[in-house]
Amino acid sequence: SGVEAMRMDDTPRATSKNLDVLAEFEKKKAKNAANFVVIGHVDAGKSTLMGRLLLDLNVIDQRTIDKYRKEAEKLGKSSFALAWVLDQGTEERNRGVTIDIATNKFETEKTAFTILDAPGHRDFIPNMIAGASQADFAVLVIDASTGSFESGLKGQTKEHALLARSMGVQRLIIAINKLDTVNWSQDRFDEISQQVSAFLTAAGFQAKNVTFIPVSGLHGDNIARRCTEEAASWYTGSTLVEELDNSEPATRALDKPLRFTIGDIFRGGVQNPLSVSGRIEAGSLQTCDALLAQPSGEKCYVKGLEVDNETADWSVAGQNATIHLTGIDPIHLKVGDVLCSPSSPIQCIKTFVVKVLAFEFLMPSGIDVHRGRLHAAGRVTELLATLDKSSGKVTKKKPRIVRPANIARVSVELEMAVPLEKGQRVVLRSGGETIAAGLIE
Ligand code: GDP
């Protein structure tokens with residue numbers, strides 16, 4: 001259309017400030033920014049816990065919760081009021097399940113956090129993968145009430161922890177939740193901590209990166225304020241908020257070439273007809289920069305930027321940004337595409353070798369490759385080798401099958417070339433199941 005044609009010629013009118021972005025970043029001494037994902041079995045209390053955190057840190061007020069509680073009572077689900085802070089769509093509310101990644105922000109003294117709320121429902125694992133691929137650490141919520149821990153272990157607790165590890169998450173804060181239902185039993189807490197430690201070690205988490213905290217999300221105990229129940233006096237460790245504030249600053253790939261995966265596309269704004277949001281994974285950018293969109297190979301320009309909902313001149317790796325674009329027809333962009341620096345662009349590839357942890361039996365067969373919001377259909381074409389878990393040495397060449405919980409090197413061929421590169425983490429899925437996850441070599 002005429003409008004679109006005009007937009008394509010709309011090269012930036014403003015002139016670049018030519019900032020030394022890394023120097024600006026140092027000068028600003030921005031608060032440490034950390035993204036985390038909340039994982040765990042359905043009904044473990046993830047949404048309730050995060051709603052409580054936002055309430056106790058005054059991100060939301062009691063009036064909002066009371067409003068949610070009234071709405072919830074109408075549906076006969078009053079206990080879900082806190083959870084609804086995160087579950088934003090009505091469909092989700094009616095089902096009582098968190099579907100998409102609702103993004104929520106809060107700050108402590110040292111850190112600006114973004115919660116990437118992961119859903120507990122089985123069908124929604126692709127969203128959880130999108131969350132985990134952007135996370136600096138994960139909060140794993142476990143239901144301590146009688147019988148629930150055991151069924152959660154068989155359910156998504158292990159799968160989520162394994163997935164998070166395969167997506168590069170190294171640090172876990174484990175909220176052993178609903179301790180109110182077992183009268184703050186230390187025995188129960190210890191029993192669960194021991195069993196969970198055992199499988200986390202097997203999944204490749206280092207003990208020093210794993211912390212256990214007994215909490216009650218519903219009552220707000222050991223979240224922002226310490227539990228005052230006599231029965232809980234045995235616990236003298238950190239509250240969840242104190243533990244969150246222990247986060248090490250994420251190592252940022254600031255001086256690498258720009259990589260920004262599009263998480264969302266917004267069209268039709270009056271001032272900014274085309275905007276994209278997502279996290280800067282590597283490098284930096286500033287207003288007026290020329291960018292290359294992959295896989296389309298089209299150029300575009302940064303008309304303006306927003307970082308944490310404020311207008312900004314620049315943004316760096318680790319930040320979540322909205323980029324207003326010009327000079328490109330939106331038909332060339334979709335969710336999962338990568339914006340990168342034209343001088344060192346990401347390549348689009350059709351075949352690659354990936355080192356994976358198998359979740360299910362793995363054979364040459366059709367699979368979907370997921371990386372954050374990027375999905376691509378393809379095939380595992382060849383099993384190259386199985387590898388030893390600790391040494392990484394080849395234990396068997398060209399195996400016919402890879403068993404669950406084993407590590408292997410496999411070749412993948414995609415139907416279409418997509419922007420992927422060495423060192424990125426991908427998940428292989430088929431028929432709604434996670435088959436394997438690992439690192440592109
Ligand atoms: P999610 O599926 O993991 O997000 O779980 P929800 O936050 O929706 O909680 C599931 C159910 O557990 C709801 O009925 C909550 O009220 C309840 N619940 C959550 N946390 C606690 C807790 O600390 N103590 C008790 N007794 N119930 C809780």
Side-chain angles (χ1 to χ4, degrees), residues 36-56 60 65-66 68-73 75-104 115-125 127-128 131-132 138-149 151-161 163-164 173-185 188-189 192 212-229 231-232 235 239-241:
F36 66 94
V37 69
V38 187
I39 59 179
H41 195 61
V42 65
D43 285 345
K46 299 179 293 297
S47 305
T48 305
L49 185 73
M50 290 303 125
R52 166 60 68 181
L53 189 67
L54 297 176
L55 176 67
D56 288 358
I60 47 162
I65 297 287
D66 291 343
Y68 285 148
R69 187 160 286 135
K70 277 210 192 96
E71 270 181 57
E73 272 163 11
L75 290 164
K77 292 180 178 170
S78 60
S79 71
F80 281 109
L82 271 174
W84 281 5
V85 174
L86 296 187
D87 303 352
Q88 281 156 354
T90 40
E91 187 206 348
E92 295 162 41
R93 288 183 183 181
N94 289 336
R95 298 175 54 184
V97 175
T98 315
I99 294 182
D100 207 343
I101 311 169
T103 304
N104 283 285
I115 309 173
L116 308 158
D117 183 42
H121 194 282
R122 235 191 124 62
D123 300 347
F124 305 135
I125 292 230
N127 286 329
M128 129 105 208
V139 174
L140 171 61
V141 183
I142 291 181
D143 183 346
S145 60
T146 313
S148 297
F149 165 63
S151 61
L153 254 195
K154 287 195 203 90
Q156 288 123 19
T157 308
K158 273 188 182 170
E159 187 183 14
H160 282 188
L163 262 175
I173 299 175
I174 300 175
I176 303 196
N177 191 29
K178 309 197 191 180
L179 260 250
D180 54 297
T181 66
V182 292
N183 194 30
W184 291 89
S185 158
R188 183 69 174 156
F189 176 78
I192 294 175
F212 293 90
I213 308 174
V215 302
S216 168
L218 195 61
H219 300 294
D221 290 322
N222 291 343
I223 312 288
R225 60 171 171 74
R226 197 157 285 283
C227 180
T228 52
E229 305 253 346
Y235 181 72
T239 60
L240 180 62
V241 169

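Atoms within each ligand, like the ligands themselves, are counted from 1 in listed order. All figures in this text were calculated on a predicted structure; none of them were measured in a lab.
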Review point. Hey, what do you get for OG (Ser145) to CG (Asp43), rounding to the nearest 0.5 Å?
Key: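 So the OG of Ser145 and the CG of Asp43 are separated by 9.5 Å.
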Point to revise | Heavy-atom closest pair, residues Tyr235 and Pro214 | key: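 So the minimum-distance heavy-atom pair works out to CE1-CD, 3.3 Å.
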Practice item. Provide the closest heavy-atom pair for Lys46 versus His41 in the form atom of the first, atom of the second, distance. Key: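 Looking at all heavy atoms of both residues, the shortest contact is NZ-O, 2.8 Å.
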Are any of the N/O atoms in [X] less than 3.5 Å from those in ligand 1?
X: Val215; value: no
X: Thr181; value: no
X: His219; value: no
X: Leu49; value: no
X: Gly45; value: yes

Review point. Where the closest heavy atom to atom 26 (N) of ligand 1 is concerned, which of Asp221, Asp180, Ile223 has it?
Key: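 Considering heavy atoms of Asp221, Asp180, Ile223, the nearest to atom 26 (N) of ligand 1 sits in Asp180.
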Practice item. Under 4.0 Å from a heavy atom of Gly217: give me the atoms of ligand 1 that qualify, with their elements. Key: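 Contacts of ligand 1 toward Gly217, numbered from 1: 23 (O).
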Practice item. Within a distance under 4.0 Å of any heavy atom of Ser47, pick out the atoms of ligand 1 and give their elements. Key: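 The atoms of ligand 1 under 4.0 Å from a heavy atom of Ser47 are 4 (O), 7 (O).
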Exercise for review: Please state which part of Asn177 comes within less than 4.0 Å of ligand 1, counting heavy atoms only: side chain, backbone, both or neither.
Suggested key: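 Answer for Asn177: side chain.
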**Study point:** For Asp56, salt bridge (charged side-chain N to carboxylate O under 4.0 Å, His left out) partners two or more places apart
**Key:**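 Scan of Asp56 (salt bridge (charged side-chain N to carboxylate O under 4.0 Å, His left out), adjacent residues dropped) gives Arg52.
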Exercise for review: Check if Gly40 has a non-hydrogen atom at a distance under 4.0 Å from any atom of ligand 1.
Suggested key: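 In this structure, Gly40 fails to qualify as a contact of ligand 1 - no heavy atom is under 4.0 Å.
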Review point. Could a heavy atom of His41 be found less than 4.0 Å from some atom of ligand 1?
Key: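 Yes, that is the case, since the closest heavy atom of the residue is under 4.0 Å from the ligand.
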Review point. Would you find a donor on one side and an acceptor on the other, under 3.5 Å apart, between the side chain of Asn177 and the backbone of Ala44?
Key: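 Yes, because the side chain of Asn177 sits within donor-acceptor range (under 3.5 Å) of the backbone of Ala44.
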Review point. Is it true that a side-chain atom of Arg188 and a backbone atom of Val182 form a donor plus acceptor pair closer than 3.5 Å?
Key: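 No.
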Point to revise | Sequence-distant partners of Asn222, side-chain hydrogen bond (donor to acceptor under 3.5 Å, both in side chains), two or more places apart | key: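 None.
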